[in-house]
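Sequence lines set the chain letters: A, B, ... in the order given, protein chains first and strands last, and positions in each chain run from 1.
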Amino acid sequence: MPSPQLDKTYEPRTVEDRWYREWIARGYFRASLDHPGKPYCIVIPPPNVTGSLHVGHALNHSLQDILIRWRRMQGRNVLWLPGTDHAGIATQNVVEKQLIAEGSSRELLGRERFIERVWQWKATSGNTIVNQQKQLGESCDWDRLRFTMDEGLSKAVLEVFVRLHEEGLIYRGERLINWCPRCLTALSDIEVEHEDSKGKLYSIEYPLEHDPATRLTVATTRPETMLGDTAVAVHPDDPRYNHLIGRRVRLPLTTRTIPIIGDNILVDREFGTGAVKITPAHDFNDYEAGERHQLPRLPVLDHHARLDPVSLRAAGVEQAVVDAVELLPVAKARPKIEALLRERGALAKVNDHKLAIGKCYRCKTVVEPYLSPQWFVKIQPLAAPAIKAVETGHVRIIPEGWVNNYLGWMRDIKDWCISRQIWWGHQIPAWYCTACNADTILKTVHEGMATSEARELPPASRKRITILQGAVPVVARSAPTQCPRCGKSEFLRDPDVLDTWFSSGLWPFSTLGWPDRTPELKTYYPTSTLVTGLDILFFWVARMIMLGLKFMGDVPFRDVYIHALVRDAEGQKMSKSKGNVIDPLHVMDQFGTDALRFTLASMASPGRDIKLAEERIEGYRNFANKIWNAARFAHMHLDGTRESRPPAQRSFPERWILSRLHDTIRIVTQELEAYRFDRSANALYHFFWHEYCDWYLELIKPALQDASHPDGPSTRHTLQESLETFLRLLHPFMPFISEEIWQTLPHAGETIVTQSYPTANAAWHSPDAEQAFALLERGVGMTRTARVLLNYPPGKHVTCFVTHDDAATAQTLAALRQEFAHLGRGQFTLQPLAQWPDSKLLRLTLDGLTVGIHVEGDVDLNKAVDRLTKQIAETEKETQRLAGKLKNDEFVSKAPPEVIADHQNRLQGLSRDREMLASSERQLRAMLGA
RNA sequence: GGGCGGAUAGCUCAGUUGGGAGAGCGCUGCCCUUACAAGGCAGAGGUCACAGGUUCGAUCCCUGUUCCGCCUACCA
């Protein structure tokens, strides 16, 4: 066939787009239920539908695509199922910002029109990330693209909610939850990020009611919450205070007195004064203590985390204090309270204090514990089987270091708050009969707005509806028409939506058609592997395992591979505000998609974050170019007859490269099975650059360039065969360049995508060739070193001698005369040392191998002498070390015999080397003297 | 506070049953040798964080210390 002309450098952009469209058009990525292979399925961790591809996605998706393409080539029935999630809070925030920029708001728009607006936003930006994924070469079955809010998945959400509710595993109740006063919604425990910050510890004095001259001092980091204190706790065994239990203190700034109680859980006698104020409505520990002692809960903050005048009055706060702080946010109220306490002489001291402050993971606003009715999943019954699944290995977590992390969290898991006070998401399928619940449904004027603003609102938005804890919902798959209790038909639907993770927790089966019993579920569930980052192990992975076991009766996936976080070159977390983000799209434009993918794979070592620097990507861009040029070389020489000989009858370079290829196939496959993408990638890189290009292509040039060479036809065959095999081995990592080159080589089939993955061929394994090569490599290296020592130009034709002090090895060398001549650029004599000239010769020795190079003209021999002197010293040092060990009786008596024998052999070898080096040095000095 | 991981060449990292320290990038020198200067060849560079212990022998196993990350937690 004619050799196609390949350009001198590889241009990824044109190639990538062309092939991706072709792959899609021909449907190579489509899964088929009829496929005879064993199923292999990955569901993609759904990215935010309105987001765009960042480098973390690029890593996550590249690794999945490597696994998928590899398994596809292995003949498995592959499904990679793509999709996106609706990212409730994040997406709602984005659209709200747009509205504010337009001078509108979601309240002005109303719920229905707001949701329409979000769908519009999804329609305009929803394809962005999908197109970027395609640019990355992802071989997903795009026909099966799913979205957490689409009809099928919403049906699954409804079904799960109703069933869990029926079983009593979902309940509604008033609890203290994490509340974001900016997003105005509840958050689950893990949506709160903790950050160390500097704060203050305020010591406040509470006078005893029966003895006001005596004061009980309590410490707090949040003095403004003291207005809502309902008790002070001391340790029951603390002799300083326990006689006060049952007495009362006067709460400063209020008209109230509160009891002193004994509590050994809340109180740490060592900390502070040993007395603790209790604010059950604004602190999780205090809430628990309040439960234990039946204390009232007095909230003092509203949902914007401002001091609420109505609540303050209800809490008996003095009117002057209310006037001073009402409607102030916490940060502004705190100094006012501090000043008021100081005025009253109630503030004992203020110390600096380090504390961890909780922030909203979406908007970084300080989260407040907030008392409100919410929906929860009772999690213990779901967690128990999910713990067992990992303990027994039904789900494998890789690297397994994360197993304890998972188990620890699961064993201490808290009920999951699933309701969110936002509009974008799956609205909770609970309806309240307005007649039966007349007393528990409160409609108040919207407190978040000044009255003038509130007047502008449509009536439906003007109210804030609060459905109190006692309300009785009807939970159903569709809206009820009649109240089962009173028969009336007017209902209010619960306005809350579900946590986004509630729907993504169903992802491995909802995307396959559940709750319908589809053939897809039957074929692909449990899925094979989940590839994800550590950051969503709890958010997502744990919940998928719990819900998968609950509703499918089986784990959602067999393996969970947890990969690293991508950081910048300095190890900093990438963030837009720091301006250190590496944009994968820009990288792909600049260096090519294959280079980016290969970089990420090669750096994916387990248990270590990836510090990504552009130079690395550039390095692998160069690798792609190297492959490209090797292919150009092949094309220049593939014309002519080709002959397929049995491997054992091929020439030495052919046998050697096939043996190396055999080994590389073995390593790449084995490491992929162990999810060691880094080792697989490095094996590919090392093989191709440093064995295939550096040595093999050089070794076969004589056979290729001489038209009448007897090994020509076989060499051409092996060249083509080895290159084609390597491209298949490489394809999962570098899909584009491998396809582009593969297409130009002789091949069967229409695409590399569906070719079989190479398997190790035992007939290619050749220890003899490998051993011979090791000698050749070292010998050639030594002649090149000698050339540099003598300042010979690289092209200079030299006269050389090579031998080895072991006779059999010397025989092996003798068979390599032509290879030495070619790579060493000169005339090589492979005879015993006795027949070498004894002057005008620079000799180098290592491990019994000696190379001599003829010294011509007036060259400076000093560099060579220095080199020999240095090497002799090193040899001497190593000799001392080994001899020392062998002289040690304990070593000789206790070390294993093979280690002793090895030491002795090495010592002998060193001794011979040393003799040879010393004689070389004498010879050189003689020449210098002459 | 608890848990986990890391500390190996200038940088980023391998090193899997303890026995002669490796790679990539970078650096230095020489080369535009017809596949490739996005390249070739040669080379410099490391008491494997520190201190003990186990062992004939420790980068590797054990203990402690220091430093850096991450996760987690209610010390008011």
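- Across the C1' atoms, rA35(B) and rG40(B) are found 12 Å apart, a figure rounded to whole Å.
- Taking 4.0 angstrom as the limit, Arg616(A) places none of its side-chain polar atoms (N or O) nearer than this to OP1 or OP2 of rU12(B).
- At least one side-chain heavy atom of Pro653(A) sits under 4.5 Å from a side-chain heavy atom of Glu819(A).
- The side-chain hydrogen bond (donor to acceptor under 3.5 Å, both in side chains) with Lys359(A) is formed by just one residue from the set Glu195(A), His194(A), Glu193(A), Glu191(A); it is Glu195(A).
- When the C1' atom is compared between rC31(B) and rG24(B), the two are found 23 Å apart, to the nearest whole Å.
- At rA76(B), none of the side-chain N or O atoms of Arg222(A) fall inside 4.0 Å of OP1 or OP2 (strictly under the cut-off).
- If you take atom C1' in rC71(B) and the same atom in rC25(B), they sit 32 Å apart, rounded to whole Å.
- Nucleotide rA7(B) forms a pair with rU66(B), judged by Watson-Crick or G-U wobble geometry with both contacts under 3.5 Å.
- No side-chain donor-acceptor contact under 3.5 Å links Asp352(A) to the backbone of Lys200(A).
- The side chain of Glu698(A) has rC36(B) as its nearest neighbour among rC36(B), rA76(B), rC71(B).
- Counting only heavy atoms from C-beta on, Arg632(A) has its side chain closest to rA35(B) among rA35(B), rC56(B), rA42(B).
- Atom CG in Leu868(A) sits roughly 13 Å away from atom P in rG43(B) (whole-Å rounding).
- Residue Pro896(A) is in base contact, counting any heavy-atom pair closer than 4.0 Å across all strands shown.
- Because its NZ or CZ atom is both nearer than 6.0 Å to the ring centre of Tyr792(A) and within 45° of the ring axis, Lys796(A) counts as a cation-pi partner of that residue.
- Spacing of C1' atoms, rU59(B) relative to rA49(B), comes out at 12 Å, to the nearest Å.
- In this structure, CG of Leu719(A) is placed 13 Å from P of rA35(B), rounded to the nearest angstrom.
- Across all strands, Asp609(A) comes closer than 4.0 Å only to sugar-phosphate atoms, never to a base (heavy-atom distances).
- Computed from coordinates, the Asn629(A) CG to rG40(B) C1' distance equals 13 Å when rounded to whole Å.
- Separation of the C1' atoms belonging to rC13(B) and rU54(B) is 30 Å when rounded to the nearest angstrom.
- At least one test fails for Arg778(A) against the ring of Trp695(A): distance under 6.0 Å to the centre or angle within 45° of the axis.
- If you check rA37(B), rG43(B), rC70(B) against the side chain of Lys8(A), the one that comes closest is rA37(B).
- Across the C1' atoms, rC30(B) and rG15(B) are found 33 Å apart, a figure rounded to whole Å.
- rC32(B) makes up no base pair with any nucleotide shown, lacking Watson-Crick or G-U wobble contacts both under 3.5 Å.
- Look at Thr785(A) and you'll find a side-chain N or O under 4.0 angstrom from OP1 or OP2 of rG43(B).
- Under 4.0 angstrom from either OP1 or OP2 of rG39(B) there lies at least one side-chain N or O belonging to Asn622(A).
- Residues Lys870(A) and Asp866(A) are not paired through a salt bridge, judged by the lack of any N-O separation under 4.0 Å between the basic side chain and the carboxylate.
- Residue Leu697(A) has its side chain nearest to rA35(B) when only rA35(B), rC56(B), rA76(B) are considered.
- When each of rC71(B), rA38(B), rA76(B) is scored by its nearest atom to the side-chain atoms of Glu11(A), the top-ranked nucleotide is rA38(B).
- Distances were taken from every side-chain heavy atom of Glu878(A) (C-beta onward) to each of rG69(B), rC25(B), rG20(B); the shortest belongs to rG20(B).
- Applying the Watson-Crick and G-U wobble criteria (two distances, each under 3.5 Å), rC61(B) pairs with rG53(B).
- Figure legend. rG20(B) is base-paired to no nucleotide; pairs are counted as Watson-Crick or G-U wobble with both atom distances under 3.5 Å.
- Here the separation of rA58(B) from rC48(B), taken at their P atoms, is 12 Å to the nearest Å.
- Between Lys354(A) and rA76(B), a side-chain N or O to OP1/OP2 separation shorter than 4.0 Å is absent.
- To the nearest whole angstrom, the two C1' atoms, one in rU55(B) and one in rC60(B), are 13 Å apart.
- Within 4.0 Å (heavy atoms only), Arg867(A) reaches sugar-phosphate atoms of the nucleic acid but no base atom.
- Ranked by how close their nearest RNA chain B nucleotide is to the 5' end, Phe633(A) and Val892(A) are led by Phe633(A).
- The interatomic distance linking Leu407(A) (CG) with rU72(B) (P) rounds to 15 Å, in whole Å.
- Contact check, Arg676(A) against rG15(B): a side-chain N or O comes under 4.0 Å of OP1 or OP2.
- Nearest to the side chain of Ala630(A), among rA35(B), rA76(B), rU33(B), sits rA35(B).
- Using a 4.0 Å cut-off between charged nitrogen and carboxylate oxygen, Glu368(A) and Arg222(A) count as a salt-bridge pair.
- Checked against rA76(B), rU12(B), rC56(B), the side chain of Met603(A) finds its nearest nucleotide in rU12(B).
- Distance Phe598(A) CZ to rG24(B) P: 13 Å, rounded to the nearest Å.
- Within 4.0 Å of His282(A), counting heavy atoms only, lies no atom of the nucleic acid at all.
- For rC36(B), its base sits under 3.5 Å from the side chain of Lys626(A) at one donor and acceptor pair at least.
- Closest to the side chain of Lys885(A), from the set rA35(B), rC71(B), rG19(B), is rG19(B).
- For rC25(B), the OP1/OP2 oxygens have a side-chain nitrogen or oxygen of Tyr685(A) closer than 4.0 Å.
- Scanning atom types as modelled, no donor and acceptor separated by under 3.5 angstrom connect the side chain of Arg784(A) and the base of rA42(B).
- Distance Phe271(A) CZ to rA76(B) P: 5 Å, rounded to the nearest Å.
- Taking the six-membered ring where tryptophan is involved, the planes of Phe726(A) and Phe688(A) are essentially parallel, since the angle between them stays under 30° and well short of 60°.
- At rA76(B), one or more side-chain N or O atoms of His353(A) fall inside 4.0 Å of OP1 or OP2 (strictly under the cut-off).
- Inter-residue side-chain proximity for Leu745(A) and Leu638(A) is flagged as met; some heavy-atom pair is nearer than 4.5 Å.
- Applying the 4.0 Å criterion to OP1 and OP2 of rG29(B), one finds that Lys863(A) has every side-chain N and O outside that range.
- Distances were taken from every side-chain heavy atom of Trp689(A) (C-beta onward) to each of rA35(B), rG39(B), rA76(B); the shortest belongs to rG39(B).
- The nearest whole Å value for the distance from the CG atom in Leu565(A) to the C1' atom in rC71(B) is 12 Å.
- Partner assigned to rG1(B) is rU72(B), using Watson-Crick or G-U wobble distances below 3.5 angstrom.
- In this structure rC27(B) sits in a base pair with rG43(B), meeting the Watson-Crick or G-U test at under 3.5 Å.
- Residue Gln705(A) is the one, among Gln705(A) and Trp409(A), whose nearest nucleotide of RNA chain B lies closer to the 5' end (criterion: closest heavy atom).
- Note on Arg666(A) versus Asp663(A): salt bridge recorded, some NZ/NE/NH1/NH2 to OD/OE distance being below 4.0 Å.
- Taking atom NE2 of residue His194(A) and atom P of nucleotide rA73(B), one finds them 6 Å apart after rounding to whole Å.
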